[in-house]
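Structure, as structure tokens:
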Amino acid sequence: MTAEEHMERLSAVLSGTRTQSRADHRMRMHRPGNILFGVLLHAAARLDQGLPLTDLEQRLITQAGKYMPAQELPSFGRIYRDACARGSIAVLPQAITNVPVETGFSSADLTAALPALTREINAQPNVRVVDVSKLAEGEPVDSEEYIAAMARYGRGITVLDAPQQESNLKGLLDVHMRMDRFYCVRESSGEIGADEIYWGVSAGSDTTAKKSFRTRVYDSVHTDEIHKFDYVYRQQTYVFSGTVDKHLSAEFQCWDEDSSPGDFLDKLRTALSDFAEHAVDTSIEMTKYNGNQAKKAAAWATLLGIGAGLLSALLGLFENPDDLVHERSIGFSREYLLNLQQVEENFWHFDGGDGGYHKLTLKTT
């Protein structure tokens with residue numbers, strides 16, 4: 001895409017004129033989770049006016065430079081400033097759009113905004129904190145109501161937790177989580193030919209161990225078919241293979257390929273790598289957290305949500321002929337991982353509506 005096309009796309013996103021776009025629908029549904037994208041645009045507006053950037057603004061501007069030429073960013077700032085002047089922006093929270101461009105937005109400001117954002121994000125039906133100790137034997141993590149909510153929102157945010165338990169496993173856990181197979185519940189509608197599915201994954205723990213990758217494309221995927229992932233010991237399709245103290249954060253994306261240009265796939269790899277860094281930071285923050293268990297789980301869901309929101313927004317600015325079927329951010333607590341000593345295999349739903357519906361199987365040791 002040209003610089004002009006980038007600006008046209010951003011203008012359409014902020015004005016709400018691309019209402020039929022699935023990517024824009026996800027952004028509108030996750031308005032509070034787009035706070036970091038809003039701060040990035042706020043920073044671009046300040047950059048355009050020659051104002052000094054805060055720590056957070058500079059970090060986001062640097063990150064955005066991986067996806068687009070730096071000289072385009074001031075133009076983005078002007079589009080954002082004009083959109084704010086017209087009134088409320090449907091895809092961005094007022095926590096940032098109400099801040100005058102003359103005022104910087106720092107990490108401390110984000111911390112101050114998090115309690116309100118946490119209430120908004122955790123009130124969404126596609127965000128769920130699950131105490132796995134309360135699940136009946138054989139009861140899945142994803143309820144039918146939750147699967148339906150994730151489908152409506154285009155994204156799921158799940159935190160898996162349990163009360164602390166006595167265990168013979170002290171110190172760091174050696175965790176190996178791999179993608180074993182996926183089952184096509186329903187192929188996409190309205191497209192000619194079979195689906196061509198690939199997955200993007202990022203993960204990071206509180207010991208700074210991390211991983212990000214994109215699978216190969218699995219061709220000719222039809223309804224009611226099972227496709228096994230490639231297996232190489234501790235390498236291909238391992239979501240995570242490393243140590244965890246108390247928290248492991250991950251992002252899963254299911255894509256249906258049409259004809260991806262190489263530059264988009266490069267952007268996707270960059271985005272997944274960036275989220276792995278965010279996953280590490282989030283996991284470390286959760287291990288430091290001193291609040292009660294319920295508040296910590298809610299904060300975890302919020303940090304996962306705003307990280308995924310930035311990732312999706314940045315990718316959405318580029319011409320992408322692929323369809324993002326569905327995405328999920330998942331927090332795995334130590335207690336949940338210990339619970340997997342009894343149940344090594346879990347199923348995760350990715351219902352993208354008419355974009356297709358797939359069920360992912362993870363095996364964890």
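For the numbers below, each heavy atom of this structure counts, side chains included, while hydrogens, waters and symmetry mates do not. Numbers for residues simply follow the sequence, beginning at 1.
- Cluster membership for V132 and V244, using ILVMFWY side-chain heavy atoms within less than 4.5 angstrom, is shared.
- Of the possible donor and acceptor atoms, one in the side chain of S333 sits under 3.5 Å from a partner among the backbone N and O of L160.
- By the 6.0 Å contact criterion, NZ on K295 is open, its count of non-hydrogen atoms from other residues, nucleotides or ligands being 12 or less.
- When the side chains of ILVMFWY residues are joined at heavy-atom separations under 4.5 Å, either directly or via intervening members, V217 and L315 end up in a single hydrophobic cluster.
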> Would Q63 and L314 satisfy side chain to side chain contact (heavy atoms under 4.5 Å, CB included), going step by step from the backbone distance to the final call?
Replying inline: CA-CA 10 Å; Q63 184 174 348; L314 287 172; 4.2 Å; yes

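- Counting heavy atoms of neighbouring residues, nucleotides and ligands inside a 6.0 Å radius, atom CD of E139 exceeds 12 of them.
- Side-chain contact between T215 and F182 is absent, with no heavy atoms from C-beta onward closer than 4.5 Å.
- Using a 4.0 Å cut-off between a side-chain N of Lys or Arg and a carboxylate O of Asp or Glu, R181 and E345 qualify as a salt bridge.
- Around CD of Q164, the count of heavy atoms belonging to other residues, nucleotides or ligands within 6.0 Å does not exceed 12.
- No side-chain heavy atom of F105 sits under 4.5 Å from any side-chain heavy atom of L60.
- Here the side chains of S273 and T270 are not in contact, with every heavy-atom distance at 4.5 Å or above.
- When all heavy atoms of V239 and A203 are compared, the closest pair comes out as O-CB, 3.5 Å.
- When hydrophobic clusters are built by joining Ile, Leu, Val, Met, Phe, Trp and Tyr residues whose side-chain heavy atoms come closer than 4.5 Å, directly or via intermediates, Y336 is grouped together with L338.
- By the criterion of side-chain heavy atoms lying less than 4.5 angstrom apart, applied directly or through intervening Ile, Leu, Val, Met, Phe, Trp or Tyr residues, I147 is not grouped with L362; the two fall into different hydrophobic clusters.
- By the salt bridge (charged side-chain N to carboxylate O under 4.0 Å, His left out) test, R31 is found to be paired with no residue, residues two or more places apart in sequence or in another chain being considered.
- Of the options I157, V159, I35, I121, a side chain to side chain contact (heavy atoms under 4.5 Å, CB included) to T302 is made by I121 and by none of the others.
- Side-chain N or O atoms of R128 include one that pairs as donor or acceptor with a backbone N or O of V141 at under 3.5 Å.
- Annotation for H349 and M150: closest pair O-CE, 4.0 Å, computed over non-hydrogen atoms.
- Atom CZ of R214 sits about 6.0 Å away from atom CZ of R269, to the nearest 0.5 Å.
- The nearest pair of heavy atoms linking S188 to G355 is CB-O, 3.4 Å.
- Dense packing is recorded around NZ of K296, with more than 12 heavy atoms of other residues, nucleotides or ligands lying under 6.0 Å away.
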> What's the verdict on side chain to side chain contact (heavy atoms under 4.5 Å, CB included) for R28 and D24, showing C-alpha distance, side-chain angles and the deciding distance?
Replying inline: CA-CA 6 Å; R28 287 194 304 275; D24 290 357; 3.8 Å; yes

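- Ring pair W348/F332 is perpendicular by interplanar angle, where above 60° counts as perpendicular and below 30° as parallel.
- For Y289 and W300, the ring centers sit 6.0 Å or farther from each other.
- Defined by atom type and a distance below 3.5 Å, a donor-acceptor pair is missing between the side-chain atoms of T62 and R59.
- Across G200 and L272, no two heavy atoms sit closer than the pair CA-CD1, 3.8 Å.
- Annotation: cation-pi geometry satisfied between R216 and Y218 (NZ/CZ under 6.0 angstrom from ring centroid, within 45° of ring axis).
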> Going through the distances and angles, do L360 and M179 end up as a side chain to side chain contact (heavy atoms under 4.5 Å, CB included)?
Replying inline: CA-CA 7 Å; L360 172 67; M179 303 162 75; 4.0 Å; yes

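- Exactly one residue among W199, Y357, Y183 makes a ring pair (Phe, Tyr, Trp, His ring centres under 6.0 Å) with F350. That residue is W199.
- Heavy atoms only, all atoms of each residue included: L304 and I330 are closest at CD1-C, 3.9 Å.
- At distances below 3.5 Å, at least one donor-acceptor pair connects side-chain atoms of H278 with backbone N or O atoms of L303.
- A salt bridge links R81 to D48: one of the charged nitrogens lies within less than 4.0 Å of a carboxylate oxygen.
- Judged purely by atom type and a 3.5 angstrom limit, R186 uses its side chain to pair as donor or acceptor with the backbone of G353.
- Side chain of S283 to backbone of G204: a donor-acceptor contact under 3.5 angstrom is found.
- Using a 4.0 Å cut-off between charged nitrogen and carboxylate oxygen, K359 and D142 do not count as a salt-bridge pair.
- Counting heavy atoms from C-beta on, the side chains of Q124 and P32 come closer than 4.5 Å.
- The shortest heavy-atom contact between A298 and N122 is O-ND2, 3.1 Å.
- A donor-acceptor contact shorter than 3.5 Å links the side chain of K211 to the backbone of Y238.
- Both the sub-6.0 Å distance and the 45° axial angle are not jointly satisfied by R178 relative to the ring of F229.
- At least one side-chain heavy atom of L40 sits less than 4.5 Å from a side-chain heavy atom of I61.
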>> Between T97 and Q94, does the side chain to side chain contact (heavy atoms under 4.5 Å, CB included) criterion hold? Intermediate values first, please.
In response: CA-CA 5 Å; T97 58; Q94 292 183 336; 3.9 Å; yes

